[in-house]
Every structure is written in C-alpha cells, then in structure tokens.
Amino acid sequence: LAKQGGRGRVACFDSGLMKEERYRRQIERELRGAILMNELEIHYQPIHGLTDGRISSLEALVRWRHPVRGLISPADFIPIAERSSLIEKLGDWVFARVCADAAHWPGLKVSINVSPVQLKARGFLDMVKKCLLATGCSPQNIAIEITEGVIMDEMAGQAEHLRELRALGIGIWLDDFGSGYSGLSYLRDFPIDVIKIDKGLVQDMASNHANRVFVSAIAQLGHGLDRQVVAEGIETEADLTLARAAGCSHAQGYHFARPMAAKDIAAYAGFGASIRAA
Ligand code: C2E
Ligand code: MG
Ligand code: MG
Ligand code: MG
C-alpha cells in the first residue's frame, strides 16, 4: 500500500511538473509571436517629487495585450522570458519603444526595467546607442532600473557595464531596495543615482515600527550619499504622509496615478502634475 501511495505521488508530481513546463513553453511560443505581432505595449507611471509635488519622471512598464487572454501583467511573462533568450528580444523592443516615446517628452526622465540577463548580453550597449540615435532621444531622458541581482553579477566581474552606461549619460537606478539582501556597500561602490524603496517595506510602515525605522534610515543614507530616494507603492494619503515623514524625496503609486498609456502622458504631465506639497 505504501509503495502504491508512493508511486501515485510520484506520478502526480511528474504530471504537475510537466503541466508547468508545457504552460511555460506555450507562453514562450506565444510571446515570441506577440513581439512580432505588436501585442506588447508600454504603460508609464509617474513619479512625483515630495517637496514640490510635481511629476519628475516616469517608469516604463510593459504589458501584453493578448488576443484571447486579455491584458497580461509582466509578472506573468517576464520570468518566463528570462529563462530563455526571449528576454533579450523583449528587452530590445521595450528599449526602442520607450526611446521613441521619451523623445516626445523632453525634460521628463523615463526609467526602464532591465533584466540581468539582458544587461549581460554582449550587444546591450550597442542596442542602447542605436535606439538613442534612431529616435533622437537624449540619454539624459533615460534611466535603467536594476535590482540587486544585477549588482551581484557585476561584482562577479562586469562592473564596467554600468559605468559605460553612466558615461553615456543614462541614469542607473536601484529598484526594489529593501526586498532582498540590500547590501549597503552597493550604494557606495556602484554608480547609482536613485534608490527605489520596495513597496513591501513602504506599505508596511503604518503597522510596522521597524519598517518606519528602515525607510527613514535608507532615506537618510541615500540623501547623505546624494542619491534621490523614491518610495514605491504609495496607495493612500496615509502612505504619503509616512513616506514624507521618513524623508523620502520622491514617491510613486496608485495614490498619484496608475500606469497609463503613452497618449495620456502629455495631458497628465501638463495639467494634472501637481499634488499639494507639504
Ligand atoms: P517594478 O519594477 O518594481 O514595478 C513596480 C510595480 O508596482 C508595477 O507592477 C506597478 O504597476 C506596481 N505598482 C505601482 N504603484 C503601485 C501601488 O501603489 N500599489 C501596488 N500594489 N502596486 C503598484 P507591474 O507593472 O505589474 O510590473 C511588475 C514587475 O515586472 C516590475 O516591478 C518589474 O520588475 C517587471 N517589469 C515591468 N516591465 C518590465 C520591462 O519592461 N522589462 C523587465 N525586464 N521587467 C519589467
Ligand atoms: Mg521598476
Ligand atoms: Mg520596484
Ligand atoms: Mg519589482
């Protein structure tokens, strides 16, 4: 009986894994087509300064308008793309699209999430230069958002990549700080302009004293090093008040605006850009 149960479990485990693998391959195949069929789009979410309340930059966030499944979140396909070479194609498409859009918004910086795999790819720098040249977008209008994973890779021997991007005039932002190892030495040793504090840490501030202490300490550290500090995931007036009290210089979240289509940015940045400053 035990043996039978064991066999049953194994069989069940196998078919679960196979299903997952089949699903992954299916998405991967469809995503390959999606890039060719123009099913991807970029939405832009404003980031606001907390002293003047004005819009200061935008984060570019990719979406997949699937003909059958509807609008798919990047959380559901980026990890799949990252496990194959697809992430490079996808990332290149995102870069080209964003540079084309950003060329119409002088003075507004747009940050692009870049996967570690893409940043490591040999052709990355050339791709970036080509996009800037083709669209007339200034490198000053572009920043890349990287996570700690990238920094660890860089420490393993490719620290030059980030410096070369920096030399072009592209901003280097550290995303999701406070969600992983969050090594303090990264902040000292890498050319990082902006620290984005992970929404998990920010959103827990109201109920968690330790998180308030952490966010304040990160803000103080960042400003001491002359970095801007963005609080992510600001959903309510209360979140905003706490982020400001903690000393964050900028904030992003549904309280200000959800990510929106490129065509809506001009109106937002022109007319709805201010919130009440402190
Ligand atoms: P992220 O870079 O940390 O982006 C912030 C995420 O938080 C976005 O989710 C955004 O829509 C969401 N968000 C913004 N404000 C709020 C808020 O007030 N409350 C809550 N609960 N969420 C908020 P999204 O668009 O689903 O993206 C998820 C992740 O996918 C991103 O996290 C980023 O890691 C990745 N991603 C998105 N676009 C790209 C891309 O073009 N390339 C790569 N490699 N990754 C991307
Ligand atoms: Mg990001
Ligand atoms: Mg983030
Ligand atoms: Mg994230």
Side-chain angles (χ1 to χ4, degrees), residues 31 34-35 39-48 57-65 70-102 109-121 124 127-128 131 142-150 153 171-180 182 192-206 215 218 228-240 242-243 248 250-262 275:
L31 189 53
I35 300 173
E39 287 169 15
L40 298 183
E41 45 190 81
I42 305 287
H43 287 192
Y44 295 92
Q45 188 178 32
I47 296 173
H48 283 260
S57 63
L58 300 165
E59 178 173 12
L61 297 158
V62 69
R63 273 94 182 87
W64 178 3
R65 199 168 292 278
L71 201 65
I72 306 180
S73 148
D76 293 330
F77 62 87
I78 291 285
I80 293 175
E82 279 178 332
R83 278 191 274 165
S84 73
S85 60
L86 249 191
I87 189 65
E88 287 179 49
K89 272 210 176 61
L90 189 154
D92 290 359
W93 182 89
V94 168
F95 228 95
R97 182 68 257 158
V98 173
C99 288
D101 287 339
K109 196 170 294 248
V110 184
S111 62
I112 303 176
N113 292 283
V114 173
S115 150
V117 189
Q118 192 195 2
L119 188 64
K120 263 190 294 189
F124 184 72
M127 182 280 293
V128 169
C131 287
I142 300 293
I144 63 165
E145 293 196 11
I146 57 171
T147 51
E148 286 171 330
V150 167
D153 285 348
I172 314 284
W173 296 13
L174 187 56
D175 202 4
D176 300 344
F177 193 75
S179 66
S182 305
I192 291 157
D193 308 292
V194 173
I195 301 164
K196 299 187 76 176
I197 305 180
D198 190 65
K199 58 177 171 286
L201 207 50
V202 170
Q203 290 176 337
D204 265 359
M205 275 196 291
V215 172
I218 295 168
Q228 289 182 356
V229 178
V230 181
E232 295 194 276
I234 297 297
E235 291 185 356
T236 63
E237 189 70 42
D239 290 341
L240 177 60
L242 286 166
C248 297
H250 294 77
Q252 171 183 7
Y254 299 162
H255 177 68
F256 300 99
R258 298 208 168 228
M260 62 185 97
I275 53 151

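Just follow the structure's listing: the first ligand is 1, and inside any ligand the first atom is 1. Worth knowing before you read on, the calculation uses all heavy atoms, side chains too, and leaves out hydrogens, waters and symmetry mates.
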**Request:** Compute the minimum heavy-atom distance from H43 to ligand 1 and say whether it is under 4.0 Å.
**Result:** no

**Request:** Could you tell me whether ligand 1 has any atom less than 4.0 Å away from a heavy atom of P259?
**Result:** yes

Contact partition for [X] relative to ligand 1, non-hydrogen atoms under 4.0 Å:
X    : answer
E232 : side chain
R63  : side chain
Q45  : side chain

For [X] and ligand 1, does the shortest N/O to N/O distance drop below 3.5 Å?
X    : result
P74  : no
E235 : yes
H255 : no
D175 : yes

**Q203 side chain to G233 backbone, donor-acceptor under 3.5 Å** = yes

**Complete:** By ring pair (Phe, Tyr, Trp, His ring centres under 6.0 Å), W93 pairs with (sequence neighbours left out) none

**Item:** Three-point angle D175:OD1, the Mg ion (ligand 3), E232:OE1, rounded to the nearest 10°
**Value:**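 With the Mg ion (ligand 3) as the vertex, the angle is close to 90°.
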
**Request:** Examine E145 and say whether one of its N/O/S atoms is closer to the Mg ion (ligand 2) than 2.8 Å.
**Result:** yes

**Request:** Provide the atom name of the closest N, O or S atom of E59 relative to the Mg ion (ligand 2).
**Result:** OE2

**Item:** Numbered atoms and elements of ligand 1 in range of S115, under 4.0 angstrom, heavy atoms
**Value:** 44 (N)

**Item:** Closest candidate by heavy atom, reference atom 31 (C) of ligand 1, pool L61, I42, I146, V202
**Value:** L61

**Message:** Angle between ring planes, F124 versus F95, binned at 30° and 60°: parallel, tilted or perpendicular?
**Reply:** perpendicular

